[in-house]
Structure formats: C-alpha cells, structure tokens
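Note on naming: letters A, B, ... go to the chains in the order of the sequence lines (proteins, then strands), and numbering restarts at 1 for each one. Quick caveat, the model's predicted, so the values are computed rather than measured.
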Amino acid sequence: YRWTQWLFLQLYKKGLAYKKQAPVNWCDSCKTVLANEQVVDGSPRSEVGAGKCERCENQVIQKELEQWFFKVTDYAKELLEKIDSLDWSDALKATQKNWLGKSEGAEIEFNVQHLTFNIQVFTTRPDTLFGATYLVLAPEHGLIKDLKLKIDNWDEVEKYINQTKSKNKLERTDLAKEKTGLELKGIKAVNPATKKEIPIWLADYVLTDYGTGAIMAVPAHDERDFEFARKFDLPIAEVISGGAGGQCYSGEGKLINSDKFNGLSSEEARDKITKFVKGEKKVQYKIRDWLVSRQRYWGAPIPIIYCDKCGLVAVPEKALPVLLPDDVDFKPTGESPLKSSKSFNNVKCPKCGGAARREADTMDTFVCSSWYFLRYCDAHNQQEAFSKKAVKYWLPVDLYIGGMEHAVGHLIYSRFIVKALRDMGYLKFDEPFLKMRNQGIILAEDGRKMSKRWGNVINPDEVVEAYGADTMRIYEMFMGPLEDTKPWSQQGIIGIRRFLEKVYKLISNELKIQNLKLNKNSKFKIDNLQRLLHKTIKKVTEDVEALKFNTAISSMMIFMNEAVSNEQLSKEQLEKFLIILSPFAPHLAEELWQSLGHQESIFTAKWPEYDKKLIIDEEVTVVVQINGKVRAEIKAARGASQKEIEKLINDLTNVKSHLQGKEIKKVIYLQDKLINLVVN
RNA sequence: GCUGGAGUGGCGGAAUUGGUAUACGCGACGGACUUAAAAUCCGUUGGGGGCAACUCCUUGUGGGUUCGAGUCCCACCUCCAGCACCA
C-alpha cells in the first residue's frame, strides 16, 4: 500500500483527488461510507428492494460528511467514447454506458422577475422551451436561502426543506409515491422565450446533484412534469404536435405555439431556440465522483496531514508508506479506528514542523484493485510503483476474465486510473483491459443463487474429495458456455468422472496400446482413428482459443469413445491426446504422461499440430433433399460433380418415388454437402 | 419505463453462422455379468402414425423472405441482468 498511497498523491497533485462535504451513503452495519457503485438493489427476491450495502445487504442511509473523492467525472467523456473500441460483451458495455449516463442538452438561464438573481436549468429538450410553464428547484438548491427575504411563505418552505432532509434516498426516490412540492410565493421567473412570468416551485423529485439542481417544467411533453402539473393545477401548454388531446406527449414532432419557430422539427429547433435565448449546449453525465474514504482499519491510510497553520499537507513521497498502527482496536465503530491511535494520529507538519494530525480514514480497497495490474508487472521494484519498461512489455492486459459485478465498479475505476496516469506521462496506453469475458455464475441445483440462507451451497472441497480435482475442473467447463449462468448438477458430474476413468484405463492394461501398422484387417479403423485424432486436435485448439471449453471437452469424449470401441490406439496417438487433455485434467494427464516413461513434465511438451490432409475426409455424405426436405443421403467421393451426384441419386428408390409424375425445375448443389431438387 | 441478453428433448446443452435440428453428457428404459446390489459393458431413448420400407409434426407464439430458416426480417409473449423521478 505504499504505492497505492503514492498513486493517491499523484492524483492529489493533479487535482484529481479532493475533499468535500457531501451527502454520502452510509452502512450502519459495516460502519463506513460506501461509493455509489457499492450500493446495490439487493437480490431480486428481497422484500424491500432498493439501496443496500453490497457487502452485508444492510439498508444504506444517507449522511452528510466530509470525504475524499477521485474526480472520475473529468474522464466521463473518454470513458464513454472508448467503450466501443473494447472487445467486451454487449451486456457489459451497455451496463457501463448506462452508468456513465450521457445526455445531451442545453443550459438555459431564467431570470427571477424584478431581481438580479437568475436560475440555470439543464434540459435535453430546449425545443419545448415555449411550453415551460413553471420552474422546479431541488429543496437543497443554494438559491433558496439567498431569496429568503423575498419568499412570502418562508415558514412553509423551511418546513418542506427539513422534511426532505429527514427522508432517506430510498423514500425520496420511490417511484410509486405521489409527487410533493410547494410554490415559492412572492417570486416569479421569466420564461426567456415567451417573456411570460412563470411560478417557481420546490419539489423533492428534482435532484440536487444532477444537472443544475433545477428544471424547467414542460408538462405537455414530460410525464413527470405532467403528473406534477395535474396535481397542483399548473398550466399546461402544448408546443409539439403529435400528442392526443389532454395527454402528455413526450415524443418529438413539429413545433406549434412557438412563435417564429413554428413548423420546425424538434431536432432543428433544439439548436435554434438554445441560440435564441443565449443558452449553452451541454453534455451531462450521471456518473458521480468516486468516494474513496473509508472509516475502516483495513485499507491504505490516506497520506494527508492536517496542520493548523499550513492546512492540508500531502505526506512527502519519501515518507511513504504511512503504516497502519497496531495500537488500535480495528473493529468498526463508525469513527475511523485510526483516530484512537496516539502513535498514528499526532505528527509533525512536514512543512512547518508544528503539531499536526493525520487523516484517519483509509482508502476503499478498490483503489488498490484499480491499479494492481500495473504493479504486477514489476512487483519487486523498490524505487517506483512500476517501471515504464515493464509496463510497456506486459500491458495492456490481453484477456481479462471476471464477473459482471465489476461492470460499474472495478472496471470503471481501473479505466479511470489508467487514463489519469497516462495523462501524467506514466503510461502510453489508454485502456487497461482490451478483451474481457464475464464468466457466468454457477447456481445451486435448485436454480437459485448459492447462499447460506437457502442452504443450497455446493462445497467444492467435498466435490473434490468425492470425484477429484480434475473431474470438478472439467465438469465446470463442460456444463455450458463460459458466460452462461447455469445450475450445478450433482448427477451430471459422474459423466466426467467416467470419461477420465476411460482415459486412465487406457494405460492400465485393460485396453491394448498397439502400433499403427500392427494389424492389416483393422487398418481402415486405425486410419479413421488417426483422422479423428487430428480433427480433435484442431477442434480443441480452436475451441480453447475461443474459450469454448464445453465443446472442446465434448470432442475429446468423442475421440475416447471411438478409441475405446476400436480397442486400438498407438502410443504416439495417446501422447498427443494427453497433451491436449492436459490443460483440462492436469493431474491425470501428468500422471499418465510419466507412466509412459517421460521424465519431463507434460507441460513442457509441445502442443500438437494437426495434419491438414488428415482432417479432410475422402468420402463424404451428401444429403439429398426434394423441395428442401431430406429424402435420402448418399456416400460419394470428395469433390464429386453435380452430374455424378445426380446419376447416383437417380437410382435411390425414395428419390424415385418422390419424383414420380413430377418435373424437376431447379437443382441446387452444394459440393460435398447437399443436393436439393426443386419440383413442381 | 429505458438498455442489454436469452427462450432448442425429462435435464445441462450442440449445430461449421442460411444447408441432415437434438452432437456430447446426465437421467430413464431393456439386456449382459452377479446369489443380489453397486460398478462396468451392450442396446433403445423428441412426439405421433405404420408389420415394414417409410411418413407427418417439432427449436417460446404468429406472420414473412428463401429451393431450404433454430439461424435473416416484422409483430407479440415469457424469463434473466443492469439502470431508473437523471429533466
């Protein structure tokens, strides 16, 4: 964590790490704050449904605290734009795009009537400006206090603000709940397009931390504004055609009731109206800065010192690491545990030498995990976090495998850190993980998630005990595609055990290992087995590359079944087979390899190459279709011409009977595969 | 509501990307071995009809394109995942 602290200092120097007072997520069971990304909805089957700590599933509450943040928002644009250049799954990309939440619109200024104050709003629909019949501010909006003396119903307003404060995020964002709000009496705003006076309201459905914390309400063309206007009897002005009377229409269309802009399309009008009222085009993102402070013991201490004279002072890099003290109780209490350590807390200011105290919070563990792959390239370097040379050699990561749950946490943080370090000159690449695959989770046999709560957990140690580690390993790969969520089957695993036993028996004298040339009578079979082996090598090689382990295993099973039923297999064939099996069943393959007399490990053996000539069959099966329906199949020599095939199939009784009294209108021939006779 | 993904036998799943649907495995049924069971081995196994050769139906539903559709297009249904009063 010395180098994690170093990383913090680099971000701090660049202004990318900062401290601010803000409402934050607090888990009262873990006794710490959480990042937005660490608050989850909970399992779909949970009773309550929203806002839970991802670690303990406790309901998260909001607290107003001063905390450290990393400025991920500075990179929102690039984080979004570069997603499409990555070889990641669509689901992962979409989730991350969702989280970044880009929306394009404009900031427009509304003057407060007869006063010098004005209110900025963000809207994605400047084309509907003529229909803005009132404004709504978030209860936390800074302007409200400034206008206190002008507001006639201040007592009521204050009461509403306090009510909002007492609500947690869950209560406030409950979609089912009816909207609440009240008017700021005594003041009015002016719609910059219509120049008409419009009322200013306060409502908790407007969020303080998105956009400007204020909206222009267009009830005719926004569902939420419509609902609000109906409840409080506010005017509704239709400015986009296309809606049914008396209903809200949130789509686009031609402008109406919009003065000189009438007749324009929504798209054309957006720019023009924004210019007309001297508004500014703006792009908004939903993502917030990353809250990295934690009130926990286990974590890298934040390398900052507070001095009464100098204020906030960074720990000099030479003084790193700031070690965790051992004279504290590390159980979470809600206060940072490091605060209670005398040895840790009291220090001298690095600038003036005066009495000072250390920052007592530690960093989110995700700070460490957002750059570990850089350190892994150069783990023993004592002079720097990583050398440019080592990082250039190893990174970016070619293939990264991990769960979907990292979509909006680790994977965004890592991308952010890499971009920040790149801009500081430490790295020369933009993205940490070029190709990413998400393994699906293995569910319990009942199709639910494995959980202590359901008592359906499969203990891998017990599986290994009963069937062996190789069996367990292969079964997990055989169950289905890597990325699929799939249920475990205690019954199904026996098939893999049988397969491996078949392989084992091959060398335990139950089957004879013979040389290829051995038996004239079985030459045909041996030839076929040799062909099958090479097809299997091809299939396994390609499937491994594509991470399609389930079909690779299936093809090895087919080969084994064939080898066993023929009771023929040369030592050379067995060896090649063992090598392709070895990544799947390392223990068994190694043991059999040694028993064949090898001194070196099987993992030093060269991966077999397939013979291109052997994977092509000389005799092929051609399917005979009549009007697209399979009526017969024939064996033919590879490369047979259409005429030759037509001659062959004419004699087939089933073909004859289907052609009786009919006329062949067209013949479709796919070499070595299929012939389709189209008849009337 | 928005975004992404998926619907194939009793079950997990294959299908060269438009060309024999159900590979491989589990389970089930029948048989061999056994006093018996387990293990192992052999056979059968999508559904219907037929003694049989064969034949009809079948990839969530309904349409369409095509010589030919699990695969492509349109509409719908269901499930999973993510986001959600984001203006």
Atom pair distance, as rounded to whole Å: [atom1] in [X] and [atom2] in [N]:
| X | N | atom1 | atom2 | result |
| --- | --- | --- | --- | --- |
| A:Asp543 | B:A23 | CG | P | 18 Å |
| A:Gln490 | B:G25 | CD | C1' | 15 Å |
| A:Arg497 | B:G25 | CZ | C1' | 16 Å |
| A:Gln491 | B:C24 | CD | P | 20 Å |
| A:Leu532 | B:C24 | CG | P | 12 Å |
| A:Phe232 | B:C85 | CZ | C1' | 14 Å |

Closest approach to the side chain of [X], judged atom by atom: which nucleotide of [options] is it?
| X | options | result |
| --- | --- | --- |
| A:Thr95 | B:G19, B:C24, B:G82 | B:G82 |
| A:Val623 | B:U20, B:A14, B:C24 | B:U20 |
| A:Asp204 | B:C85, B:U55, B:U3 | B:C85 |
| A:Ser554 | B:U20, B:A23, B:G13 | B:A23 |
| A:Val630 | B:U20, B:G19, B:C83 | B:U20 |
| A:Ile494 | B:G27, B:U40, B:C56 | B:G27 |

What's the gap between [N] and [M] when it is taken at their [atom1] atoms, as a whole Å value?
| N | M | atom1 | result |
| --- | --- | --- | --- |
| B:U78 | B:G62 | P | 16 Å |
| B:A14 | B:A21 | C1' | 10 Å |
| B:C57 | B:G68 | P | 14 Å |
| B:U61 | B:A52 | P | 30 Å |
| B:G1 | B:U65 | P | 32 Å |
| B:G4 | B:A23 | P | 34 Å |
| B:A28 | B:G9 | C1' | 12 Å |
| B:C29 | B:G47 | P | 15 Å |

**Request:** Scan side-chain atoms only and decide if A:Lys502 and A:Asn561 contain a donor-acceptor pair under the 3.5 Å cut-off.
**Result:** yes

**Item:** Residue mapping more 5' on RNA chain B - nearest nucleotide basis, A:Asn654 or A:Phe122
**Value:** A:Asn654

**Fill in**
Between A:Asn561 and A:Thr212, whichever has its closest RNA chain B nucleotide further toward 5' is A:Asn561

When we call it a touch if two heavy atoms are under 4.0 Å apart, what does [X] touch: a base, just sugar-phosphate, or nothing?
| X | value |
| --- | --- |
| A:Lys286 | base |
| A:Ile558 | sugar-phosphate |
| A:Asp90 | sugar-phosphate |
| A:Val678 | sugar-phosphate |
| A:Lys97 | nothing |

Are OP1 or OP2 of [N] and a side-chain N or O of [X] less than 4.0 angstrom apart?
| X | N | result |
| --- | --- | --- |
| A:Tyr210 | B:A87 | yes |
| A:His658 | B:C54 | no |
| A:Ser103 | B:A87 | yes |
| A:Arg498 | B:U40 | yes |

Side-chain donor or acceptor of [X] paired with backbone N/O of [Y] under 3.5 Å:
| X | Y | result |
| --- | --- | --- |
| A:Arg270 | A:Gly105 | no |
| A:Asp289 | A:Val72 | yes |
| A:Gln439 | A:Leu482 | no |

**Prompt:** What is the minimum heavy-atom distance between A:Ser89 and A:Glu483, and which atoms define it?
**Reply:** CB-OE1, 4.2 Å

**Asked** If anything within 90° of 0 is syn and all else is anti, what is B:G9?
**Response** syn

**Request:** Let me know which of A:Thr128, A:Asn191, A:Thr133 forms a side chain to side chain contact (heavy atoms under 4.5 Å, CB included) with A:Met216.
**Result:** A:Thr128

